[in-house]
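The residues of the chain are indexed from 1 along the displayed sequence.
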Amino acid sequence: MGRNFWLFSVGRLVSLIGSGVQALAIPLYILDLTGSGAIMGTFAVITMIPRIIFGPIAGVLGDRFNRKLIMIYMDIARGAAILAMAYMANAEALTISILFIFQLLISTLDISFDPATAAMLPDIIEEDKLLRGNSILGAVNSISYIVGPALGGVLYGLFGIEVVFILNGVSFVASAISEIFIVYEQTTEKSRVSVKSVFVDIVEGISYLRRIKGLMMVLIFAMVSNFLLAPVFTVVFPFFARTVVGFSSQQYGFLQSGWVVGVLIGNILLGTVLSKRRQGSLFAGGLATETVINFILAAFFFPYFMNLFGGASWLYFAALGVPILVMGVFNAFVNTPLQTLFHRIVPTSYRSRVFSVISILAQIATPLGSAIFGFAVDRFPVHYLVLLSCVGNAILTIVFLMKGMSRLFEEKRTDNSNGSKGKAVEPVREGIGT
């Protein structure tokens, strides 16, 4: 795949392991301090707000400036902020309010980093290697978030939040160092950036999206699906595992890793034995199967099964972990083909702003969902909230698949068969996973 690709991948591996450690530990830290689902929901909202507000601007910057330099600067800035959090934790000065302020800053830096990173991949590998490259990166992400949460549960349980922050801060600095050695030439337009130019570029990105046949259906599906399911995993599940069941931080970390073990297996299958299968069929089959497994997982949230398997036992851990793992496999069948399709059909001059706008539209309702579920989890039984979420998502998925959206892959492949690399041919969308 080439030296640049592996430097890119190793940098992601290191920083994502650190991020996985911290993403696991902070919810546990908040729940241990407060025991409140509402505060957990507030944290999830704070994490998402910068993505919605600054996402379009970040996409424009990713199309105007050197993407490699954006990645380096954002990694250094995030490393410095997180190491400052470690210092405050050591001084016992890290309150929930200060934690929220730092999270706003880090989330803003995240959204500045993400569009440039997503858009850079097709610039450093050949088009015919994109599926394999995306599968490898999916596997890298999966390995990171297998090791990260598992390590996070152990480190947080043994040493507390300070060590978690130190590891994550150092990982971002190490990632920046690896990115320095990537050989990259800016291929996008270099020009001065003003408020007017940013606005014009955002409008151009949105106008470009309007030419994409079927995109609005995908975005509506992603928006509602994320509203229903994302808060279940970011707010309800941590509350349930830690407060209702009483799992240890290690058990919770391993459960979070189980999801990504499934995603890793799915991406390995996509890059090997399923590499010749029609991507539209993989997408539709993955989405349908994932919906069914959601219901199986929801059943295990009910008190009957929790008592049957002995509460915070390793047997109950396995009963929850197996459907989580299998759901991750089929989630890869949804997200990786969509991301690959989108990389192929959006030209590099539009790629950052298009990625950021689509990501924002797909997730714009998630903060509202997090706030609602955070409020509800303190007042209603968790198992009913999870079941309600699954029913709503199942209805949504049936309607979406009946519209024949999986055929979009075949249509676009046909349209793109005569196009050259970098030409715009009515594109579609990135991953819309839950």
Taking all non-hydrogen atoms of both residues into account, name the closest pair between [X] and [Y] and its distance.
X      : Y      : answer
Ser389 : Leu229 : OG-CD2, 3.1 Å
Ile146 : Ser257 : O-OG, 2.6 Å
Gly285 : Phe330 : O-CD2, 4.5 Å
Ile324 : Leu255 : CG2-O, 3.9 Å
Pro238 : Tyr252 : CG-OH, 3.1 Å
Pro337 : Leu270 : CD-CD1, 4.3 Å

Do [X] and [Y] have side chains that get closer than 4.5 Å, going by heavy atoms?
X      : Y      : answer
Val244 : Met306 : yes
Glu179 : Leu7   : no
Phe165 : Ile26  : yes
Thr336 : Leu282 : no
Val245 : Phe317 : no
Phe295 : Val391 : yes
Gln363 : Met48  : yes
Phe301 : Val382 : yes

Kindly say whether [Y] contributes a backbone atom to a donor-acceptor pair with the side chain of [X] at under 3.5 angstrom?
X      : Y      : value
Gln251 : Ser248 : yes
Tyr316 : Phe305 : no
Asn331 : Met327 : no
Thr47  : Phe43  : yes
Ser175 : Ser171 : no

Inter-residue atom distance [X].[atom1] - [Y].[atom2], 0.5 Å rounding:
X      : Y      : atom1 : atom2 : value
Leu228 : Phe373 : CG    : CZ    : 6.5 Å
Leu69  : Met74  : CG    : CE    : 10.5 Å
Met85  : Phe102 : CE    : CZ    : 6.5 Å
Leu274 : Ile268 : CG    : CD1   : 12.0 Å
Leu396 : Leu401 : CG    : CG    : 9.5 Å
Arg277 : Phe333 : CZ    : CZ    : 8.5 Å

*Could you point out which residue of Asn294, Ile398, Leu388 forms a side chain to side chain contact (heavy atoms under 4.5 Å, CB included) with Asn393?*
Asn294
*Please determine which of Asp110, Val173, Asn168 meets the side chain to side chain contact (heavy atoms under 4.5 Å, CB included) test together with Arg78.*
Asp110
Would you please classify the geometry between the [Y] ring and the [X] ring as parallel, tilted or perpendicular, with 30° and 60° separating the classes?
X      : Y      : answer
Trp259 : Phe233 : tilted
Phe400 : Phe221 : parallel
Phe302 : His383 : tilted

*For side chain to side chain contact (heavy atoms under 4.5 Å, CB included), just list the numbers for Leu28 and Ile161, CA-CA rounded to whole Å, side-chain angles, deciding distance to a tenth of an Å, and then say yes or no.*
CA-CA 9 Å; Leu28 298 181; Ile161 199 69; over 6 Å; no
_Pair Phe283, Asn335 - check side chain to side chain contact (heavy atoms under 4.5 Å, CB included), show working._
CA-CA 8 Å; Phe283 167 76; Asn335 281 344; over 6 Å; no
*After noting the C-alpha distance and the side-chain angles of Val329 and Val263, does the key distance pass the side chain to side chain contact (heavy atoms under 4.5 Å, CB included) rule?*
CA-CA 5 Å; Val329 173; Val263 175; over 6 Å; no
_Donor + acceptor pair across side chains of Asp32, Tyr156 (<3.5 Å)_ =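 A pair is found: one side chain offers a donor N or O, the other an acceptor, under 3.5 Å apart.
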*Within a reach of under 6.0 Å around CZ of Phe309, are more than 12 heavy atoms found that belong to other residues, nucleotides or ligands?*
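Buried by this count: over 12 neighbours within 6.0 Å.
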*Just do the side chain to side chain donor-acceptor pair (under 3.5 Å) check on Thr366 and Asn226 with the steps written out, would you?*
CA-CA 6 Å; Thr366 303; Asn226 286 331; 4.7 Å; no
*Please identify each residue that fulfils side-chain hydrogen bond (donor to acceptor under 3.5 Å, both in side chains) with Asp378, with sequence neighbours left out.*
none
*Take Phe227 and Ile364 through the side chain to side chain contact (heavy atoms under 4.5 Å, CB included) test and state the conclusion after the steps.*
CA-CA 8 Å; Phe227 169 81; Ile364 197 168; over 6 Å; no
*Cationic tip of Arg242 above Phe240 ring, under 6.0 Å, 45° of axis*: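 The answer is no, since Arg242 fails at least one limit relative to Phe240.
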